[in-house]
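As structure tokens, the structure follows; a few thoughts come after it.
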There are 2 protein chains.
Amino acid sequence: MRLVGPLQDRDAWAADACSAARTLDILATKASFLVVRELFYGTTRFDDFVRRVGTSAPTIARALSRLEDAGVIARTPYRTDGHRARDEYRLTEAGEELLPVIMALIQWGDAHLQPDGPPLRFHDVTTQQQVRVALVATPDTPQLESRQIQVAVHSPAGRANS
Amino acid sequence: MRLVGPLQDRDAWAADACSAARTLDILATKASFLVVRELFYGTTRFDDFVRRVGTSAPTIARALSRLEDAGVIARTPYRTDGHRARDEYRLTEAGEELLPVIMALIQWGDAHLQPDGPPLRFHDVTTQQQVRVALVATPDTPQLESRQIQVAVHSPAGRANS
DNA sequence: CCGTATCCACAACGATACTG
DNA sequence: CAGTATCGTTGTGGATACGG
């Protein structure tokens, strides 16, 4: 990248105010990232997070409450039938906007850490074109939303579904 | 996102093989992310990392060696004049491809954690259009490279450069 | 089924001190 | 200037046990 303008204070803006640093304070741990990933995949229940993130219940509880504090997710009661109140977790609008972060991580991992190819495929639900994360400088480039994206397990070649 | 295909094994592909999880194993800590950010900003020297990431020397040393092990950065000697050999750190090609990850973090932080607006602005070096991270499903959308991006400190309104 | 509380192990961090 | 070594503290995570 090419730095322009007043750069004498180069050391100043790095540490405190950097937006990446602030975002990372929220998504502090690996578990937090993966909980957000699961939310995009539609997971809403505590127990499913535990199993699908592959971590312990306390870790999930910590991640969920931190994300809630940060306004990334909202905890809402479901099945309000009688005495047993249960919560489900959903992304807020702010949380939905984390999709590029997650997709960028997946895309890099697909390209560099998956010798056998990507385990998952992401396609536009209408055009069936492959979805990718791109850096663009065109204001008119449309932004895909999460519900327009289709996730499929990648089965190599035409594999008949038994 | 809409999950399609065989989903019985939903719990399986989440934990082990997920590309996001694997990427996060490399960028395990906040310091690792910020070191990568600094590399994009052109930082190459140990001491500059320490100051600009705002952390301690051992933390930087750890982050650098982990990133080197992962093939994200390469350590090359500079100023080979005589007895004093020093190293500089640069992104590998694989490392360069982490730019969408960093930009996505910055973009989210700009939108949600900066009440006074983004501290930095990113523009296409030729068109001067603003750069953003987008999810696209069009194969022909061009990908901006890091050297086509211009970084400027955001000074509100027209502030004369003294 | 949905979590929380407690405890222990380990990894990451900062402070400090030291080497070339 | 460019790191490494050590150490005490904190944060993160897993195991287990417990309560709604």
Side-chain angles (χ1 to χ4, degrees), chain A residues 10-11 14-16 21 24-39 42-70 73-90, chain B residues 10-11 14-16 18 21-22 24-39 42-70 73-90:
Chain A
R10 172 68 191 78
D11 293 356
D16 48 325
L24 288 168
D25 282 334
I26 292 175
L27 299 173
T29 70
K30 191 185 162 189
S32 302
F33 277 98
L34 297 186
V35 163
V36 173
R37 179 202 67 188
E38 278 310 311
L39 285 158
T43 304
T44 60
R45 308 273 236 277
F46 187 89
D47 216 49
D48 289 332
F49 286 111
V50 174
R51 231 162 345 98
R52 317 225 255 234
V53 171
T55 185
S56 65
T59 297
I60 294 297
R62 271 189 296 252
L64 286 172
S65 65
R66 290 185 63 148
L67 290 171
E68 193 186 3
D69 291 347
I73 64 178
R75 184 192 300 237
T76 62
Y78 79 92
R79 221 186 49 184
T80 41
D81 61 335
H83 61 294
R84 195 72 69 98
R86 287 304 150 78
D87 289 340
E88 69 177 3
Y89 306 89
R90 294 201 178 274
Chain B
R10 172 69 191 82
D11 293 355
D16 48 325
C18 169
R22 293 189 180 186
L24 289 168
D25 283 334
I26 292 176
L27 300 173
T29 72
K30 192 184 161 190
S32 301
F33 278 97
L34 298 185
V35 163
V36 172
R37 178 203 67 187
E38 278 311 311
L39 285 159
T43 303
T44 61
R45 308 273 236 278
F46 187 88
D47 217 49
D48 290 331
F49 286 111
V50 173
R51 229 161 347 97
R52 318 227 253 235
V53 171
T55 186
S56 64
T59 298
I60 294 297
R62 274 187 294 252
L64 287 172
S65 66
R66 290 185 63 149
L67 290 171
E68 193 186 5
D69 291 348
I73 64 178
R75 182 191 303 236
T76 62
Y78 80 91
R79 222 186 51 183
T80 41
D81 61 335
H83 60 297
R84 194 70 67 100
R86 287 302 149 79
D87 289 341
E88 69 177 1
Y89 305 90
R90 294 201 178 275

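Residue numbers start from 1 in every chain, and the chains themselves are labelled A, B, ... in the order their sequence lines are given, proteins ahead of strands.
Rounded to whole Å, atom P of C:dC2 lies 11 Å from atom CZ of A:F49. In this structure, B:D87 atom CG and D:dT4 atom P are separated by 9 Å, rounded to whole Å. Straight-line distance from the CZ atom of B:F33 to the C1' atom of C:dC13: 17 Å, rounded to whole Å. Atom pair B:E68:CD and D:dT4:C1' shows a separation of 15 Å (rounding to whole Å applied). One atom, CG of B:L34, and another, P of C:dC13, lie 10 Å apart when rounded to the nearest Å. Atom CD in B:E88 sits about 16 Å away from atom P in D:dC1, given to the nearest Å. Residue A:I60 contributes atom CD1, which lies 12 Å from atom P of C:dT4 at whole-angstrom precision. As rounded to whole Å, 15 Å separates atom C1' of C:dC2 from atom CZ of A:R52.
With values rounded to the nearest 0.5 angstrom, B:L67 atom CG is found 11.0 Å from B:Y89 atom OH. If you take CZ on B:F49 and CG on B:L39, they are separated by 4.0 Å, rounding to the nearest 0.5 Å.
Distances shown here put every side-chain N or O of A:R45 at or beyond 4.0 Å from the OP1 or OP2 atom of C:dC1.
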Residues 56-64 of chain B side chain polar contacts: donor-acceptor under 3.5 Å, at least two apart:
{"residue": "B:S56", "atom": "OG", "partner": "B:T59", "partner atom": "OG1", "Å": "3.0"}

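For the residue pair B:I26 and B:S32, the shortest heavy atom distance occurs at O-OG, 4.3 Å.
Taking the six-membered ring where tryptophan is involved, the planes of B:F33 and A:F33 are essentially parallel, since the angle between them stays under 30° and well short of 60°.
If you check D:dA2, D:dT4, C:dG3 against the side chain of B:D47, the one that comes closest is D:dA2.
For B:T55, there are no side chain to side chain donor-acceptor pair (under 3.5 Å) partners at least two apart in sequence or on another chain.
Using a cut-off of 4.0 Å between Lys/Arg side-chain N and Asp/Glu carboxylate O, B:R51 and B:D48 are scored as salt-bridged.
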Between the protein and nucleotides 12-19 of chain D, are there any N/O to N/O pairs under 3.5 Å, and if so, what are the atom names and distances?
{"residue": "D:dT12", "atom": "OP1", "partner": "A:R66", "partner atom": "NH1", "Å": "3.2"}
{"residue": "D:dT12", "atom": "OP2", "partner": "A:R66", "partner atom": "NH1", "Å": "3.3"}
{"residue": "D:dG13", "atom": "N7", "partner": "A:R62", "partner atom": "NH2", "Å": "2.7"}
{"residue": "D:dG14", "atom": "OP1", "partner": "A:T55", "partner atom": "OG1", "Å": "3.4"}
{"residue": "D:dG14", "atom": "OP2", "partner": "A:T55", "partner atom": "OG1", "Å": "2.3"}
{"residue": "D:dG14", "atom": "OP2", "partner": "A:S56", "partner atom": "N", "Å": "3.2"}
{"residue": "D:dG14", "atom": "OP2", "partner": "A:S56", "partner atom": "OG", "Å": "3.2"}
{"residue": "D:dG14", "atom": "OP2", "partner": "A:T59", "partner atom": "OG1", "Å": "3.2"}

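Note on B:Y89: only backbone sugar-phosphate atoms sit closer than 4.0 angstrom, heavy atoms only; bases stay farther off.
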